[in-house]
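Counting begins at 1 with the first residue of the sequence.
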Amino acid sequence: MNRLTKHRKGLVIVVSAPSGAGKTTLVQELLKTDKNLIRSISVTTRSKRSDEVSGKDYCFVSELCFKRKILKNELLEWAKVHRDFYGTPKRFVEKHIKNGKDVILTIDVQGAKSIRKVYPDAILIFVIPPSFNELKKRLRKRCANTKEDIILRLKTAVTEYKNLTKYNYLVINDKIVDAVQKMQSIIIAERCRVLISLDPL
């Protein structure tokens, strides 16, 4: 017979999407019902939007502060996206997965590639809107986006779409409820795959 290993290491779950696809909203909905899921708060140099809270949505820092974090090796991954820097705090992720918590990261394609190198078993989920035209509509609805910013984000989206095959799962965000259910199913399936580890007697 085999005995069950009681403790498991937490999962690292990466959610990427073109800007405007709704990944932040989906993750917020997941967090409301999943008590074992913790979101890693990214560090960024971009300006805070009017509806955002520092320390909850992002940790907003200066470019100088961000570069210091890079030099001190405090980030698991970092990248320059559009015109700003984004990074994932190393200590936060390592602490929680060690304690069995599943950590979800909302990061871009570049960051996902870096995370996969550090955590080969990381679960990568890519979220897209039902169509490219829908993506344009969602970006235009954002008051913070200028015309030039929208064009830049759409160009980036084209490049990001080419990386779909590097992800484990694809979720189409047409209706939020349906997309959240699909993501919940993915996480449950992955937990079942790794939760029970059998050791020989």
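Residues Asp34 and Arg191 are paired through a salt bridge, judged by an N-O separation under 4.0 Å between the basic side chain and the carboxylate. Under the 4.0 Å criterion applied to side-chain N and carboxylate O atoms, Arg138 and Glu134 are assigned as salt-bridge partners. Ion pair Lys80/Asp84 not flagged as a salt bridge, since none of the NZ, NE, NH1 or NH2 atoms sits closer than 4.0 Å to an Asp/Glu carboxylate oxygen.
Legend: residues meeting side-chain hydrogen bond (donor to acceptor under 3.5 Å, both in side chains) with Asp174, ordered by chain and number and at least two apart, are absent. For Glu63, the side-chain hydrogen bond (donor to acceptor under 3.5 Å, both in side chains) test picks out Lys67, with sequence neighbours left out.
Following chains of ILVMFWY side-chain contacts shorter than 4.5 Å, one can reach Val12 starting from Phe92, so the two form part of one hydrophobic cluster. With hydrophobic clusters built from ILVMFWY side chains whose heavy atoms lie under 4.5 angstrom apart, Leu164 shares a cluster with Ile115. In the hydrophobic clustering of ILVMFWY residues, with side-chain heavy atoms under 4.5 Å counting as a link, Ile107 and Val103 come out together.
Between Phe85 and Trp78, the angle of the ring planes lies from 30° to 60°, which puts this pair in the tilted group.
Using modelled atom types, one finds a donor on one side chain and an acceptor on the other under 3.5 Å when comparing Thr33 with Gln184.
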What do the steps show when you test Thr45 against Phe60 for side-chain contact (heavy atoms from CB on, under 4.5 Å), and what is the final call? CA-CA 6 Å; Thr45 61; Phe60 298 95; over 6 Å; no

Salt bridge (charged side-chain N to carboxylate O under 4.0 Å, His left out) between Arg46 and Glu52: does it pass, once the steps are laid out? CA-CA 12 Å; Arg46 80 159 170 77; Glu52 291 178 324; 2.6 Å; yes

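For Glu77 against Ser114, the heavy-atom pair with the smallest separation is CB-CB, 3.5 Å. The minimum heavy-atom distance between Ala112 and Val14, with the atom names listed, is CB-CG1, 3.8 Å.
Here the straight-line distance linking atom CG of Leu154 with atom CD1 of Ile151 works out to 8.0 Å at 0.5 Å rounding. Atom CD of Glu190 and atom CG of Asn168 lie 6.5 Å apart (nearest 0.5 Å).
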